[in-house]
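Worksheet: one structure, shown below.
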Amino acid sequence: MNSPDPLRILLIDKDPERASQVCAALRHEGHEVIRQRPDATGLTAAVARDQPDMVIIDMDSPDRDTLENMSTLNAHAPRPIVFFANEPGDRATIHAAVKAGVSAYVVDGIQPERVRSIIDSAVAQFESFQALRTELEETRSALEDRKIIEKAKGLIMRHEQCDEETAYRMLRSSAMEHSERLAVMAERVITLIESHSQGSVQKAS
Amino acid sequence: MVHPTPIHRRPGFHVRLGFVPLLDSAPLIVARELGLFDAEGLDVELVREGSWASLRDKVTFGLLDGAHMLAPMPLSMSLAHDRPRVPVVVGMVLSRNGNGISLGNKLYDDLVRSGTDLDNPIATAGELLNVARMRGTPIRLASVAPWSSHDLQLRDWLASAGPDAEHHVQIIPVSPIQMVDAIRSDAIEGCCVGEPWNSVLEYEKLGRILHSGHQIWQNSPEKVLGMRADWTEQHGVMHRHLLRALLAACQWLDNPHNHRLLREMLARPEYLGEQINVLDNHPYSLFHPRLQQHFFRHSANFPWLSQAHWLASRLTLRGQLGPVSGKMLRQVVRPDLFRDAAASMGIDTPVVDSKTEGRHQRPFTLSGRYGPVDVASDRLLGERLHDWLGDNHDRAGSPNNDAPRTKTATKTGPDQGN
């Protein structure tokens with residue numbers, strides 16, 4: 001990966017943590033990375049000043065509309081990578097990039113293999129970051145779910161005067177009947193029983 | 001007309017549609033919220049995109065089956081000459097008008113002081129160049145994507161002032177979402193953008209609407225439904241269902257009684273969210289009367305080949321497309337598919353696929369299959385006329401086997417009015 005002449009890459013990512021990862025990976029490969037979070041017009045100026053060989057930007061950034069148009073203003077401005085999707089190998093790379101949320105702009109005349117390897121490592125960083133985040137979210141929601149299910153079970157046990165296993169079975173079969181997630185059904189049971197007992201309290205008073 | 005949203009999600013045919021959060025993405029949002037997609041057996045997943053570029057890339061790589069698109073976008077994707085083509089099919093227009101050319105306060109005041117007739121776009125374009133000449137630096141205006149009607153309308157407007165307009169005005173690309181900030185920071189002095197951004201500019205007292213897109217190209221198609229051509233080929237029946245659901249949504253949208261509910265739908269965070277809430281106390285709050293945005297009336301949804309050709313000719317003029325033949329155009333824009341879907345709902349459509357653009361100063365009527373059909377006026381800035389010759393050239397090879405053309409569509413002669 002020790003290329004003789006490093007490429008100059010402008011990196012724009014609203015997520016600073018992810019940007020650091022991508023930046024480290026690309027620098028490790030010997031490239032020069034400029035990190036920036038400019039506004040739309042600042043971006044035009046930044047590209048003109050720094051003359052990057054390549055721009056890596058997160059897919060959802062509104063700055064992309066600015067980058068798109070730059071090539072209509074200036075023939076040397078980087079062009080969207082999707083415009084280079086001719087070879088099947090490139091298509092696979094770009095497909096992975098679009099899926100991972102990485103978009104890239106490249107100036108003409110850079111070797112395709114070099115572009116591909118840069119995109120590959122950016123995609124790898126984006127994907128591992130996403131995997132980590134999804135995992136965290138899943139763990140969090142799994143914990144939430146368990147709390148709700150436990151609470152619903154307890155309420156059913158009291159309400160139906162049954163043991164824990166029966167309560168769980170009742171919850172599970174009604175979830176299946178309504179084709180709902182267990183946690184969703186549990187939440188419904190909680191609302192139902194709580195509003196019911198509140199009603200009876202009001203009636204009693 | 002209103003189908004209740006089913007509580008349980010029924011299994012339907014899964015379709016992924018992208019949209020950019022703008023007021024004119026309403027047909028997709030409404031069709032989903034009113035259960036119109038469900039009623040057609042479709043399970044539509046709406047995917048919000050932050051930029052037109054990202055929407056294009058996802059359609060290109062099949063991560064979206066189709067999307068709410070800028071009218072020139074399917075032409076630019078399908079007929080590109082300098083990059084791989086992505087064939088897209090347009091079965092209907094989703095909205096007409098809605099763009100504004102807005103200027104920051106300073107530039108607007110300059111025009112007011114000059115005494116120019118602010119209602120006359122050719123006069124204002126000329127005066128704008130005067131301002132630039134006097135101060136000796138170009139005026140900085142912004143548009144969105146190059147393959148947008150905003151960009152093309154802005155350039156047509158400036159070009160009406162003469163051939164040297166380009167030397168006095170610099171057009172900078174800015175995403176709609178960043179437009180207000182760009183004006184606030186004085187990075188740009190004006191822009192051509194869709195709603196709600198013109199209203200936001202006025203509401204925040206940062207600028208004023210000088211012209212509506214309607215004054216440049218009357219009732220031109222603004223957003224269309226663009227689907228991947230391979231998707232429509234494989235799922236012709238589902239495409240028809242999609243057109244039907246969206247047509248019902250557009251009809252609903254044109255009824256002002258529904259706008260309060262529309263407001264609530266759009267304000268949900270997964271759609272426009274905060275963007276629209278900015279306008280909470282705005283007198284117009286949703287549709288700015290000057291912009292004449294509409295979704296259904298006067299055959300708004302009919303995908304005219306002549307209008308597609310007009311857009312293609314503007315793209316060619318700006319160096320974004322090579323020459324476009326009638327045959328190429330017919331692969332992208334499909335009035336036949338629209339006619340079929342509309343007929344199944346009892347909605348009549350013109351029997352011709354093209355008309356002379358620019359001829360009609362007022363709404364007029366054309367022959368439909370079952371009787372007269374209302375069609376919107378189509379004046380073009382500078383009283384320009386645009387005839388689509390391609391239709392005559394390759395009529396023999398075209399799939400157009402509709403009834404004979406009516407007199408209004410192709411013949412020259414005074415037929416406006418009515």
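A quick note: this is a predicted structure, and the numbers were derived from the prediction, not measured. In what follows, chains are A, B, ... by sequence order, proteins preceding strands, each numbered from 1.
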side-chain hydrogen bond (donor to acceptor under 3.5 Å, both in side chains): pairs with one or both residues in residues 120-129 of chain A, sequence neighbours excluded
A:Glu29-A:Ser121

One should read off an interatomic distance between A:Lys99 NZ and B:Asp57 CG, to the nearest 0.5 angstrom, of 15.0 Å

Taking all non-hydrogen atoms of both residues, which atom of B:Phe61 and which atom of A:Arg91 are closest, and how far apart?
CE2-O, 3.7 Å

Crowding at CD, B:Glu270 (>12 non-hydrogen neighbours, <6.0 Å)
yes

Interatomic distance, CG@A:Leu67 vs OG@B:Ser175, rounded to 0.5 Å, equals 11.5 Å

What heavy-atom pair brings B:Ser51 and A:Met59 nearest, and what distance separates the two atoms?
OG-O, 4.1 Å

Between B:Gln178 and A:Asp65, is the side chain to side chain contact (heavy atoms under 4.5 Å, CB included) condition met? List the steps.
CA-CA 10 Å; B:Gln178 296 169 324; A:Asp65 280 334; over 6 Å; no

Can you tell me which portion of B:Arg56 sits under 4.5 Å from chain A's heavy atoms? Options are side chain, backbone, both or neither.
side chain

Is the CD atom of A:Glu150 crowded by more than 12 outside heavy atoms at less than 6.0 Å?
yes

Does a sphere of radius 6.0 Å around CD in A:Glu113 hold more than 12 heavy atoms from other residues, nucleotides or ligands, not counting ones at 6.0 Å or beyond?
yes

Counting only heavy atoms from other residues, nucleotides and ligands, does the tally under 6.0 Å from CZ of A:Arg146 exceed 12?
no

